[in-house]
Amino acid sequence: MGGLPAGKVEATEHDYAEWERRVDALMILLSGVKGGEKRMTVDELRKNIEALPPDAYDRMSYYERWVSAITQTMIQRGVITTEELGRKMEETRRRERQRD
């Protein structure tokens, strides 16, 4: 975290969950890697990951940190508002409850 010693990194291959693949694809699209419009930079992603409180950083997985950082960057750039995000999150919750 922020250049602090974190111990040995275990390099292992694993399958990714569908939501993790989607987060990765979202990052590729937003950063313009495939020639699209650049909506964010890797530096913004990193800055917003490093801005997470230590307890949140420790609790979150790698891609959960990405989701948080992407969200913060989109809010900071004015692409979305917190109100729009809240409405979409509530719509998603309602759909999930209807499926159960």
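Positions are given from 1 along the sequence. Computed over heavy atoms, backbone and side chain alike; hydrogens, waters and symmetry mates excluded.
L85 and L52 fall within a single hydrophobic cluster, where Ile, Leu, Val, Met, Phe, Trp and Tyr are joined by side-chain heavy atoms under 4.5 Å apart, directly or via other members. L29 and L45 are members of different hydrophobic clusters when ILVMFWY side chains are connected at heavy-atom separations under 4.5 Å.
At least one side-chain heavy atom of I80 sits under 4.5 Å from a side-chain heavy atom of I75. Contact check for E90 versus R87: no side-chain heavy atoms found under the 4.5 Å cut-off. Contact annotation: the side chain of D24 never approaches that of Y16 to less than 4.5 Å [non-hydrogen atoms, C-beta and beyond]. The closest side-chain heavy-atom distance from W66 to L26 is not below 4.5 Å. Residues I49 and S68 form no side-chain contact, since every pair of their non-hydrogen atoms from C-beta on lies 4.5 Å or further apart. Residues I70 and M74 meet the side-chain proximity criterion, which asks for heavy atoms closer than 4.5 Å.
The two residues M60 and R65 have their closest heavy-atom pair at O-NH2, 2.9 Å. Contact record, V79 with E84: O-OE1, 4.2 Å, taken as the closest heavy-atom pair.
With hydrogens and angles ignored, the 3.5 Å screen pairs a side-chain donor or acceptor of N48 with a backbone N or O of E44. Counting only distance, with no hydrogens or angles, the side chain of E64 and the backbone of S61 share a donor-acceptor pair below 3.5 Å. A side-chain donor-acceptor contact under 3.5 Å links E20 to the backbone of A17.
No more than 12 heavy atoms of other residues, nucleotides or ligands sit less than 6.0 Å from atom CG of D15. Counting non-hydrogen atoms of neighbouring residues, nucleotides and ligands closer than 6.0 angstrom, the CZ atom of R22 reaches no more than 12 such neighbours.
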Derivation and outcome, salt bridge (Lys or Arg N to Asp or Glu O under 4.0 Å), residues E96 and R99: CA-CA 5 Å; E96 290 297 318; R99 286 186 202 160; 3.0 Å; yes

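Taken to the nearest 0.5 Å, the NZ atom of K38 stands 10.5 Å off from the CE atom of M40.
Not a single side chain to side chain donor-acceptor pair (under 3.5 Å) links R21 to another residue, sequence neighbours left out. In this view, K88 and E91 satisfy the salt bridge (Lys or Arg N to Asp or Glu O under 4.0 Å) rule, not counting sequence neighbours.
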